[in-house]
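Inspection log for the structure reproduced underneath, given as structure tokens.
These numbers come from a predicted model, not from an experiment. In what follows, every heavy atom counts, from backbone to side chain, and hydrogens, waters and symmetry copies are set aside.
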Amino acid sequence: MLCLLTLLSCNKANVEQTPTTMSSISSNELQQAIDAVKQAHPDADQTAIEKGVTNAAKFWMTTDGTAEEFTNFCVNAYLADPDKRHELFEVMQRNLEVLYGHYNRISIELKMPIHTTKMPLTDVDEDFGALDPFAHFFDDMFTSKIAFRILLNFPPFTLEEKNTLGENWTRQEWAYARMGDLFNSRVPANLTQNISDKTQDADNYIANYNIVMGNLRNAKGEKLFPDGMQLITHWGLRDELKSDYADAEHGLEKQRMIYDVMCHIINQTIPQDVINSESLLWCPETNNVTDLQGNNVEATAEPNTRYQKLYDIYLAMKAADPYSPTYPTYLQRAFDQQMEVSDQEIEEMFTQLLSSPVVKEVADIIKSRLGRELEPFDIWYDGFKSRSNINEDELTAITQQRYPTAEAFEQGTPAILEQLGFSQQRAKEIAQMVQVDPSRGAGHAWQAMMKGDKAHLRTRVGNNGMDYKGYNIATHEFGHNVEQTISLNNVDNYMMVGVPSTAFTEALAFVFQTRDLQLLGVNNGDSKSDFTLDIFWGCYEIMGVALVDLYTWRWLYQHPTATMEEMKTIIIENAQTVWNKYYAPVLGSENSPILAIYSHMFSIPLYLPNYPYGHLVEFQLEEYFEGKNLGNEIERIYPNGRLTPNHWMRQAVGADVSVEPLLRATEKAVNDSKQ
């Protein structure tokens, strides 16, 4: 929900773009308003007046008043005096924090039964969870003219302007620019609510989609997985597949079975009745279903539910496009506005790595270690981490003993922070701002939006305690929470709260997750070369998935009348095309659809590019952290807040975000492995 709020509200602007018909102000009326404001403030910056009035006019509708009333508003509301403008800024950011903070708290509480197992889940909870407290926020801000005051006095800057002018901006000027990003869309409340409904519906579908692994059978009728193992798609299936590298006896057969399950989910040939079912046995290899006594059962395939969820989100986002004149497609809002990196730049960075000759060299190392030809699921090869050679049951025994409940993990968070280099006092202060809840889904972090409020960490905790998979996810999510806490409570201006994009919070989450065994007191023995190879292979995996997501949304906007069935076809085709170009040469299996398994694509579309971009940021941070106190560096870097990506990185490590450092280090790691 917060991600979508950002996509809908925090637009950067291109003031040269022709306004949409949403505006009721003609070009002549606009010029009359500009002239009137200039006459009222002859000593003010004339260019700033033009920019501010033009910006406000984009969103003025007939319901807001006549053209004459627009002119009068601009004359009266424009603040040429810097002191008066700063006074307005302080009032605005204080009140916005109150609104965002309490709206966010309402969302957290309403979604508590849906996101956590702390209370029973009822049908009415689903209805309340779909309510969006922000739905009428923008209507109210425009109707009250508060939004117009901001549009007029804090006009936005393009990404190009931020990247060039921002180099010399003060923190206050950055905060003014971020306030200018707030109201560059005016999506009606019913459309905002519809987006919330569709995304919540997709999220519920994903969160409650489990495969009962103990009921799977191979072609010989043999059971490979234990009873009681239920894995959410795709996260649980992927993580189990990774852990199976440590199973020398049955691991490969398990992985092939999971791969078959994934392909059935992608192609929607999975029998509907085996999803979440403990009463049926399923052989993914043959797609045969039987009852528990072995009698054949006629099964019907899932009816494209997975793709319908995404198609519904697409239609909801598309309906909001005319009300976002600066970035009139969801594709543009996701990249140019939210990530503040263009989709073309992302594509170039990702294809640079995917096309690198070093990919095959790393694949040869994996092939040598496995002692076999590689298969498609080896995109999840986990052997560069020593934990892949540690029996996961042994790790689970440790985590279940240490963290029998979500409360036990919460009580252990100060010790985790101290191990990472935070002082005892700061570890206690930060940990007190994070609440840990048992999750229904795979787990997630939910930020606070008001200073003093707690962030929430959700992770799965079984009846016997937190297993290793849940713990591994929890360390990742705790990294998010630490970023969220510091970048909220230790940033100078509320308008600068946060990080440049979700990729940067993912980067710190990866930094925490990488140290999960260290935090358990288990010596992982990872070398610097193996760490580099692990990051590289992780980027290789997820960059292709992100391209499938990107290419799908490009296609959707190029084919606005496409049906859901056509969309499904193109998603699978995109997955196969990307696979054939960048993966089949090293992993084989022409036309594998496996890149389309990721659940993000169907519940949080266009979020996936943040992961590999975050890995690139993580790698540059890790290189910089080497030999330094991690806690001290995190506390130095993350209060920088919402600068643009490259400005933030220059402040953090002295360089722009780039693929080059990882490619150079990977080439060195490959050479070291040969010696």
Counting heavy atoms not belonging to [X], are there more than 12 under 6.0 Å from its [atom1]?
{"X": "E418", "atom1": "CD", "value": "yes"}
{"X": "K668", "atom1": "NZ", "value": "no"}
{"X": "Q344", "atom1": "CD", "value": "yes"}
{"X": "Q558", "atom1": "CD", "value": "yes"}

Please tell me whether [X] and [Y] have a donor and an acceptor in their side chains that are separated by less than 3.5 angstrom.
{"X": "Q338", "Y": "Y607", "answer": "no"}
{"X": "N574", "Y": "T552", "answer": "yes"}
{"X": "E302", "Y": "Y307", "answer": "no"}
{"X": "E483", "Y": "H480", "answer": "no"}
{"X": "H115", "Y": "D437", "answer": "no"}
{"X": "N472", "Y": "Q513", "answer": "yes"}
{"X": "D467", "Y": "T396", "answer": "no"}

Point to revise | F510 side, atom CZ; I535 side, atom CD1 - distance, nearest 0.5 Å | key: 8.0 Å

How about [X] and [Y]: do any of their side-chain heavy atoms sit closer than 4.5 Å?
{"X": "E347", "Y": "R554", "value": "yes"}
{"X": "M262", "Y": "L237", "value": "yes"}
{"X": "P500", "Y": "W648", "value": "yes"}
{"X": "Y613", "Y": "V657", "value": "yes"}
{"X": "M649", "Y": "D656", "value": "no"}
{"X": "R650", "Y": "N646", "value": "yes"}
{"X": "S592", "Y": "Q576", "value": "no"}
{"X": "D516", "Y": "H476", "value": "no"}

Can you name the nearest heavy-atom pair linking [X] to [Y], along with the distance?
{"X": "S603", "Y": "I206", "value": "CB-CG1, 4.0 Å"}
{"X": "A202", "Y": "I313", "value": "CB-CD1, 3.8 Å"}
{"X": "A596", "Y": "I571", "value": "CB-CG2, 4.0 Å"}
{"X": "P639", "Y": "I634", "value": "CD-O, 4.0 Å"}
{"X": "C539", "Y": "L662", "value": "SG-CD2, 3.9 Å"}

Establish, yes or no, whether a centroid distance under 6.0 Å links the rings of [X] and [Y].
{"X": "Y583", "Y": "Y540", "value": "yes"}
{"X": "W235", "Y": "H600", "value": "yes"}
{"X": "W282", "Y": "H264", "value": "yes"}
{"X": "Y381", "Y": "W537", "value": "no"}

Review point. Given the rule in the side-chain contact (heavy atoms from CB on, under 4.5 Å) test, do R402 and T399 qualify, once you have shown the distances and angles that lead to the verdict?
Key: CA-CA 5 Å; R402 185 174 296 190; T399 57; 5.8 Å; no

Exercise for review: With side-chain contact (heavy atoms from CB on, under 4.5 Å) as the test, would you mind laying out the steps for L621 and V653 before giving the verdict?
Suggested key: CA-CA 7 Å; L621 287 174; V653 303; 3.8 Å; yes

Review point. Would D393 and Y468 satisfy side-chain contact (heavy atoms from CB on, under 4.5 Å), going step by step from the backbone distance to the final call?
Key: CA-CA 8 Å; D393 292 339; Y468 175 69; over 6 Å; no

Review point. Are K628 and Y624 in a cation-pi setup, meaning NZ or CZ lies under 6.0 angstrom from the ring centre and within 45 degrees of the ring axis?
Key: yes

Using a strict 4.0 Å threshold on nitrogen-to-oxygen distance, state whether [X] and [Y] make a salt bridge.
{"X": "R256", "Y": "E253", "answer": "no"}
{"X": "K674", "Y": "E361", "answer": "yes"}
{"X": "R217", "Y": "E222", "answer": "no"}

Exercise for review: Using the salt bridge (charged side-chain N to carboxylate O under 4.0 Å, His left out) rule, take E622 and R515 through it: C-alpha gap first, then chi angles, then the decisive distance, then the call.
Suggested key: CA-CA 12 Å; E622 288 282 18; R515 291 161 172 77; 2.7 Å; yes

Practice item. Walk me through it: do Q332 and D336 pass the test side-chain hydrogen bond (donor to acceptor under 3.5 Å, both in side chains)? Key: CA-CA 5 Å; Q332 291 169 302; D336 292 16; 5.3 Å; no

Exercise for review: Could you please spell out the steps behind the salt bridge (charged side-chain N to carboxylate O under 4.0 Å, His left out) verdict for R636 and E633?
Suggested key: CA-CA 5 Å; R636 176 186 68 83; E633 288 303 317; 2.9 Å; yes

Practice item. Apply the ring pair (Phe, Tyr, Trp, His ring centres under 6.0 Å) test between H234 and each candidate in Y209, Y598, F602, W380; give the one that qualifies. Key: Y598

Practice item. Could you please spell out the steps behind the side-chain hydrogen bond (donor to acceptor under 3.5 Å, both in side chains) verdict for T644 and E340? Key: CA-CA 7 Å; T644 50; E340 292 194 305; 5.4 Å; no

Review point. Would L354 and V359 count as a side-chain contact (heavy atoms from CB on, under 4.5 Å) if you check the C-alpha gap in whole Å, the side-chain angles of each, and the deciding distance to 0.1 Å?
Key: CA-CA 7 Å; L354 292 171; V359 168; 5.8 Å; no

Exercise for review: Could you check R369 against D364 for salt bridge (charged side-chain N to carboxylate O under 4.0 Å, His left out), going step by step and ending with a plain yes or no?
Suggested key: CA-CA 9 Å; R369 293 190 181 188; D364 287 340; over 6 Å; no

Check your understanding: Would you say D378's side chain and E375's backbone share a donor-acceptor pair under 3.5 angstrom?
Key -> yes

**Study point:** Pairs satisfying salt bridge (Lys or Arg N to Asp or Glu O under 4.0 Å), at least one member in residues 568-591, at least two apart
**Key:** none

